[in-house]
Every structure is written in structure tokens, then in C-alpha cells.
Amino acid sequence: MAIPPLHRWDLSPDEARSLQRELADRVDTGSPLGPCRLIAAADVSYTRGDDRLFAAVVVIDAETSELVERVGLVERARYPYVPGLLSFREAPPVLEAFGRLKHRPDVLLCDGQGIAHPRRLGIASHVGLWLDLPTVGCAKSLLCGSYDEPGPGRGDRSPLIHRGEVVGTVLRTRDRISPVFVSPGHRCDAEGAVRIVMETTGNYRLCTPVRMAHAFVNELRRGAGE
DNA sequence: GCGACAG
DNA sequence: ATCTTGTCGC
């Protein structure tokens, strides 16, 4: 099924930021996340010398934790990395890869922020709007906002606040390990975002779907060049 | 003006 | 993200 284009991607940084403010109004972070049988995750990696970009989307069966399907691709980066504009660089290839899936996942976990973004449109939210699919932002580091250090145990959390708003959750996925930054992408609330991440996290800091996407994307780099 | 800044 | 050596710990 083809993805209906929401907008162009070749925008100047100023135009991109303006568009983010408009799109942010369409993001739904009030709906609870329903049952998730098929969980997808996306990740992107680059090579150093050239401008090649590798993207991957994996689909995992929530019950068995087994890989159901995966799609990977290589293409030229068309946008530079600009803090706050990550989706303009990574979303296009992720959407392309997602579009080649045979299955329709119940949720997509993205490596990056959801609404925990200066203009409330991190890559997870942006991709969620394009796909009209529940998405969750799973970032390894902070982009904006402040928080109190969460407790030391797995499951301990602390709200991430930006300009007086709760934009996400700083979540400890493993005892005594640095927390991750979870935020709703689209069609999902804060509770649902934390729930899906906790349910898919094993003995590693990052949840299984994201780890599998990361492993696959690196596997692609190996067999396609570097 | 200064510092911060997902991947 | 990528580069890069050793090192601490299960």
C-alpha cells in the first residue's frame, strides 16, 4: 500500500522548523496504546567517507520475540544532520523501508525522540504522522528538557519536562544502568510508550526491537561496502 | 549573547 | 552517527 505524501522533504532548515510546528498540532499523544502483537523498530546508520545511508525496519512477534520480517536499504543522504531536524535526514529512508514490509505492525519504535523535541516533532512523531501508525520515541540521550534522576532500579522513572510540559519519561530499563528517554510518537500516550518499551526490554539497556534493527542495519553496512 | 544540541 | 585502546565486570 502506497504512503500518501504529507509534504516535501527538500526544505531549508527554517522551512523545516516551520513545518514541524504545523505538523506538531496533528500529533495524537492522548490515545492509549492498544494491544501490540507485531512490534516494529527502525534504525539508520552511515558510513564515514561517503554519503551513503543504511536504513532498516524489523518486525518482531510480541509473543515469541522472534523476528517476523525485516527490510533494509541503502541510499544517498539527502539532508545533513541538524540538531532538531533529524527526521529530515532519516525519515525518508525509514518510510521507504517501512513501505516495503508485507506486514502492518501495530506499533513502530524509533531510535530518537517522539514529542520530547523543541517543537514537539521528533522523528517518531514525524514518521507516525506519515504512516498514521502508533509510534514511540526511544532515545539514548537527551535532546531537550530537564528531569530528576530516576531511581536506581529497572522500571524506575522520572518525567521529562520541557517548557512546563511533560514531554516524555526518563526510564531505567536495567538496574544501575543509564536510563533511556521514552516519549510518545503518535497515536500513543506516555503510559503506553513506557509500557511497550518495558515489555520488550530484556537484559540490555535498549529494547529488543531497537537492538535488532540496529544489528541488522550494521549487518547491511558490512555486506554492502565498508 | 551563551550554551546545548536525538542520530 | 563514526572513530578509536584499553579496561572493568559478569
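Chain letters run A, B, ... following the sequence lines, proteins first and then strands; every chain starts at 1. Worth knowing before you read on, the calculation uses all heavy atoms, side chains too, and leaves out hydrogens, waters and symmetry mates.
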| task | Could you tell me the separation between the CG atom of A:Leu220 and the P atom of C:dA1, rounded to a whole number of Å? | result |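 Atom-to-atom, A:Leu220 to C:dA1, this comes out as 15 Å.
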Side-chain contact test, heavy atoms from C-beta onward, threshold under 4.5 Å: evaluate it for [X] versus [Y] and give yes or no.
| X | Y | value |
| --- | --- | --- |
| A:Arg221 | A:Asn218 | yes |
| A:Thr169 | A:Leu160 | no |
| A:Val74 | A:Leu220 | no |

| query | In residues 163-188 of chain A, which ones come under 4.0 Å of DNA chain B, going by heavy atoms? | reply |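 None, since no heavy atom is under 4.0 Å.
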| Where at least one partner belongs to residues 99-112 of chain A, residue pairs that pass salt bridge (Lys or Arg N to Asp or Glu O under 4.0 Å), sequence neighbours excluded |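 Counting only pairs at least two positions apart or across chains, the salt bridge (Lys or Arg N to Asp or Glu O under 4.0 Å) contacts touching residues 99-112 of chain A are A:Glu96-A:Arg100, A:Asp111-A:Lys140.
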| message | Show every salt bridge (Lys or Arg N to Asp or Glu O under 4.0 Å) that has at least one partner inside residues 189-203 of chain A, sequence neighbours left out. | response |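 Qualifying pairs, neighbours excluded: A:Arg195-A:Glu199.
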| Per the side-chain hydrogen bond (donor to acceptor under 3.5 Å, both in side chains) rule, which among A:Thr135, A:Thr29, A:Asp132 passes with A:Arg187? |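 Passing option: A:Asp132.
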| said: Under 3.5 Å for both pairing distances: what stems, at least three Watson-Crick or G-U pairs long, include DNA chain B? | reply: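 Runs of three or more consecutive pairs: none qualify.
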| task | Determine the sole option in A:Val107, A:Ile39, A:Leu206, A:Val136 for which the side chain to side chain contact (heavy atoms under 4.5 Å, CB included) test with A:Thr200 is passed. | result |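 Filter result, single survivor: A:Ile39.
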Validation row, ring centre [X] to ring centre [Y] under 6.0 Å:
| X | Y | value |
| --- | --- | --- |
| A:Trp9 | A:Phe88 | yes |
| A:His186 | A:Trp130 | no |
| A:Tyr81 | A:Tyr46 | no |

| Stepwise salt bridge (charged side-chain N to carboxylate O under 4.0 Å, His left out) check, A:Asp25 with A:Arg120 | CA-CA 9 Å; A:Asp25 293 324; A:Arg120 306 290 181 272; over 6 Å; no
| task | Would you verify whether the NZ or CZ of A:Arg70 falls within 45 degrees of the ring axis of A:Phe216 while also being under 6.0 Å from that six-membered ring's centre? | result |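 Yes.
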| task | Sugar-phosphate means primed atoms, P, OP1 and OP2; the rest is base. With that split, encode nucleotides 5-10 of chain C 5' to 3' as B, S or - using protein heavy atoms under 4.0 Å. | result | ------
| request: Scan nucleotides 2-7 of chain B nucleotide by nucleotide, 5' to 3', and note B when protein non-hydrogen atoms come under 4.0 Å of the base, S if they reach only the sugar-phosphate, - if neither. | output: ---BBB
